[in-house]
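Inspection log for the structure reproduced underneath, given as structure tokens.
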There are 2 protein chains.
Amino acid sequence: MTELLWSTPQPPSRGPKPAVTLSGIAEASIRIADAEGLDAVSMQRIAAELPVTKMALYRYVPGKAELIAVMSDLAMGTPPEHPGLTWRDALHAWSTDLFQGFSKHPWLLLSTIGRRPIGPNEAAWLDRGLQALAGTALTGGEQFDSILVLSGHVRTLALQTVSMPGGSTGLTEETVTTAFATMIAADPERFPSLAAAMTSLEGSENQGFSFGLDRILDGLEVLIQTRVKRDR
Amino acid sequence: MTELLWSTPQPPSRGPKPAVTLSGIAEASIRIADAEGLDAVSMQRIAAELPVTKMALYRYVPGKAELIAVMSDLAMGTPPEHPGLTWRDALHAWSTDLFQGFSKHPWLLLSTIGRRPIGPNEAAWLDRGLQALAGTALTGGEQFDSILVLSGHVRTLALQTVSMPGGSTGLTEETVTTAFATMIAADPERFPSLAAAMTSLEGSENQGFSFGLDRILDGLEVLIQTRVKRDR
DNA sequence: CTTTATTGTGTCCGCCGGACACAGATTGGA
DNA sequence: TCCAATCTGTGTCCGGCGGACACAATAAAG
């Protein structure tokens, strides 16, 4: 499975010319997922976008899971560069870039869940994140864990904020929250802290992403400063 | 959809006695998901565990999505209590409890993704989290955002750590990471920071959960302390 | 021109969620 | 007591999914 992600397969010498390419298949899949959501990406649907039938796709890809991996890594693209920033500003920019990536392809939030092989583009994102911390006194493990926390936060907020095309039963953000608020208001003494926090919430803006990001960066700064002082 | 989660439906007066109950169905589903993973939970499979056929389930539940919501909220259970702790210790305990909940039912990580109705148990968890912050100088919105960051971290680490039964192609943690390490080692100058961080990683323990948790709590503490000083 | 490797197609299978008609059970009212 | 209303469970059918497999068409190497 990892091979498909990292290798550029050679065109064979014998036999008929392939009608499509692996990257062409992946691009078609991305187009579908962007427009209609990840659930709309089926082998049939992909083949309909290309001059081949469904079964021909299996000449290029061993199965659907591998195809999803390829299209996911391709859609991630390469991370933007931000030279000359402090570690904090660099991580801030990195997180924002990642968030925008998820906004551009919301289905990536669903296709990149759990244990899975990592492709070159995802590795490049990881590298850029670690690059920001390379000058600090953090150990390699701590650098990894820091990036993990940040990426987790970006994913969490993107998942909460970004709307997906074809997202199940068309539940809007507002429908869910108002229904929830109604249930809480129905008996507030069952969820006292929740009810209290919600009443003090009326008409306030949703700042979740930057709030959490600043808290995490603050926390990292505390640790990094401690290390610097100890080194003296 | 919210109704199923919050209401306790009355048994009807006329007609034959129902052979099963909604909670019985949900419990059977949980049993399957625990043992064989979320993908193994199909209407057929659930009915096979109960003295009814597949179609009878639709008398109790409008569709599979709603059933997943019910079983998810049920599996979450009620959060443990930790009276008399500081906000920091309370949030630490809350996060650890949540992590253990995800460890007990790993499929919850998959079934509780994205925009969805919130049930009473999940509301209770949220309430307990907010309760820890109720005594601080944070606004309601900040309290929500803080809990969101924490829960996101717990989810991220659980997703990375916990192994799921029936998890796709049986990829072990080790298989994936060694394959990844091989690709990075193949040309280290393509991912310099990544390669550097990985070499300094050899044989070190995985502390991701507590590391990130401490950083987030540190960051929250910075903000809360600032508020306290300003209030004076 | 034949051999050989490779691609694309059509057919088939099991499984999924779900719509729908229908039979059996139970109870309330006449 | 009997009937009508109401509710439950079953069987059948549908479209769509991922994928196994056999087979024909194609192109290059010998």
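Reckoned from all heavy atoms, side chains included, excluding hydrogens, waters and symmetry mates. So you know, we letter chains A, B, ... as the sequences are listed, proteins then strands, and number each from 1.
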(request) Determine: side-chain N/O of B/Thr53 to OP1/OP2 of D/dG9, distance under 4.0 Å, yes or no. (result) no
(message) Rounding to an integer number of Å, can you tell me how far A/Leu57 CG sits from C/dT9 C1'?
(response) 12 Å
(message) Less than 4.0 angstrom from a charged side-chain N to a carboxylate O is my criterion; do B/Arg45 and B/Glu49 meet it?
(response) yes
(request) Take the protein atom CD of A/Gln10 and the nucleotide atom C1' of C/dT6, then report the distance between them rounded to whole Å. (result) 16 Å
(request) Could you say whether B/Ser13 or B/Ala56 is positioned toward the 5' end of DNA chain D, judged by the nucleotide with the nearest heavy atom to each? (result) B/Ser13
(message) Going by the rule salt bridge (charged side-chain N to carboxylate O under 4.0 Å, His left out), which residues pair with A/Arg14 if we only count those two or more places apart in sequence or in a different chain?
(response) none
(message) Would the distance check show the side chain of B/Trp94 and the main-chain N or O of B/Leu126 forming a donor-acceptor pair, the cut-off being under 3.5 Å?
(response) no
(message) Is it the case that the side chain of A/His105 and the backbone of A/Met76 share a donor-acceptor pair, with hydrogens and angles ignored and the cut-off at 3.5 Å?
(response) no
(request) Please state how far atom CZ in A/Arg14 lies from atom P in D/dA28, giving the value in whole angstrom units. (result) 11 Å
(request) With sequence neighbours left out, write down each residue that passes side chain to side chain donor-acceptor pair (under 3.5 Å) with A/Gln160, or none if nothing qualifies. (result) none
(request) Sugar-phosphate atoms are those with a prime plus P, OP1 and OP2; base atoms are the rest. Using that split, label each nucleotide of nucleotides 15-25 of chain C B, S or - for protein heavy atoms under 4.0 Å, 5' to 3'. (result) -SBBBB---BB
(request) Measure the spacing between CZ of B/Phe144 and CD of A/Gln207 and express it to the nearest 0.5 Å. (result) 15.5 Å
